[in-house]
Amino acid sequence: RERSVKNNYKADFPLLKNSDLIYLDSAATSQKPQCVIDAVTNYYQSQNANVHRALYGLGEATTAKYEQARKHVADFINANQDEVIFTKGTTQGLNWVANGFAQSILKPGDEILISIEEHHSNLVPWQIIAKKTGAKLVYVYLTPNLEFDYDDYEAKLNSKTKIVALHHMSNVLGNILDLSKIAKLAHSFGAYLVVDGAQAAAHTEIDVQKFDCDFYAFSGHKMLGPMGIGVLFGKKNLLNQMTPVEYGGEMISEVSQQSVSFKSAPLKFEAGTQNVAGAIGLDTAINYLKQVGISNVKALDYELCKYARSRLEEIGGVSIYGEANNGIISFNLDGIHPHDVVSFLDVDKLCLRAGHHCAEPLMNYLKIPACLRASFYIYNDFSDIDTLVKSLSKIKEFFGK
Ligand code: PMP
């Protein structure tokens, strides 16, 4: 079977190209192309200096590269450069918005609206802030075919809703939300929209101006970049209003014994030495992704998911959760615990995740303790799915199912 998007992306990924591993866990973290690994290595070999401090040639060149990375990230998401903050990842970005922004606007009785599909990173920070401020955490639920229920969303918005915090793409069901529609409704009630873009950044276009979202957080490591680097976008006026959560070197304008003033955004949020190698690696990953083309990524996601779905249905005794074809399929083999299944899959060199996928409220809602997740990316092929299905059939036979 031939894919409509012809490529040999796997050859760019050293961990995969010389191994017989079948990596179907890109939703946890993507593999890295050689160019990203080289960019990080080159940084430490020939460019290493601290940014925004070192007033000599090497340091100035590194500062320029770091700021160029910020510019490229800004272009990638259609933001202004001063609206892009480098973080450790999505989790940090969302925690900063909860603590540095939401906490100051929430009053007792206000509401924070999230969905039952949120990753714990976009759930626990809101639960904690709700407890601290006396606000209420309200959930949007799903339609019978396990999609975000826009009617329920609309019904739950009201004048007490101050924050709407939602995923762009679910890490379990794989569905992608219509952020423009969501933002319009949130804003009509005076609420701010905070988006968890951890999964979406690798699979679909991000255009923060088109979405009109107020904050958007994502991680480099899920989109071919290094671990430990991420991005928080915030609208400029909101970043001016938001306070840093961490304080320290380089984010200040002036410090005296008893007082301090801060630089303006984004630098006021980047306290201490930053992950410069990470930012440069992310820049390289974005450039690689642009060359692949997000439309090709989407075409591959669709083909692989459709194929996986039909092959899984063929073997029978499989429960598949959701209907989206964006690179993620979650499922269970009926009557066999997913942790047993992944241990058997591991023997056949298949890397899949089993568990609650950091979405325990969703698992409870689906009335399952856990599930398996196959997540695909540009280096996967139909043959990976064939191997998965063969292995799953063997496991079913072994368990007498
Ligand atoms: N949200 C979603 C939907 C995710 O899939 C993840 C990563 N599993 C996160 C947030 C957290 O991202 P990170 O661990 O990179 O901070």
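Computed over heavy atoms, backbone and side chain alike; hydrogens, waters and symmetry mates excluded. On a predicted model such as this, the values are computed, not experimentally measured, just so you know. One-based numbering, in listed order, for ligands and for the atoms of each. Index from 1, following the sequence.
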I need the nearest protein heavy-atom contact for [atom]: residue, atom name and distance, please.
atom	value
atom 4 (C) of ligand 1	His119 CD2, 3.3 Å
atom 8 (N) of ligand 1	Lys222 NZ, 2.7 Å
atom 14 (O) of ligand 1	Thr91 OG1, 3.7 Å

Heavy atom under 4.0 Å from ligand 1: found in Asp196's side chain, backbone, both, or neither?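 Under 4.0 Å from ligand 1, Asp196 contributes side-chain atoms alone.
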Counting only heavy atoms, which portion of His167 has something under 4.0 Å from ligand 1: side chain, backbone, both, or neither?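 Answer for His167: neither.
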Under 4.0 Å from a heavy atom of [X]: which atoms of ligand 1 are those, numbered in the order shown and with their elements?
X	answer
Gln199	3 (C), 4 (C), 5 (O)
Thr90	10 (C), 12 (O), 16 (O)
Ala198	1 (N), 2 (C), 4 (C), 6 (C), 9 (C), 10 (C)
Ser219	12 (O), 13 (P), 15 (O), 16 (O)

Taking the six-membered ring for Trp and the full ring for Phe, Tyr or His, determine whether the centres of [X] and [Y] are under 6.0 Å apart.
X	Y	result
Phe344	Phe399	yes
Tyr23	Tyr377	no
His168	Phe218	no
Phe215	Phe233	no

For ligand 1, is there an atom lying under 4.0 Å from some heavy atom of [X]?
X	value
Asn122	no
Gln92	no
His221	yes

Do you know which two heavy atoms are closest between Glu67 and Leu267, and how far apart they sit?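 Taking Glu67 first and Leu267 second, the nearest heavy atoms are OE2-CD2, 4.4 Å.
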Please report the closest heavy-atom contact between His356 and His120, naming both atoms and the distance.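 Looking at all heavy atoms of both residues, the shortest contact is CE1-CE1, 4.0 Å.
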Is it true that [Y] and [X] share a donor-acceptor pair across their side chains at a distance under 3.5 Å?
X	Y	answer
Asn175	Glu323	no
Tyr379	Ser26	yes
Asn48	Tyr43	yes

Could you tell me whether Ser121 and ligand 1 have an N or O pair separated by under 3.5 Å?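 No, since none of the N or O atoms of Ser121 sits under 3.5 Å from an N or O of ligand 1.
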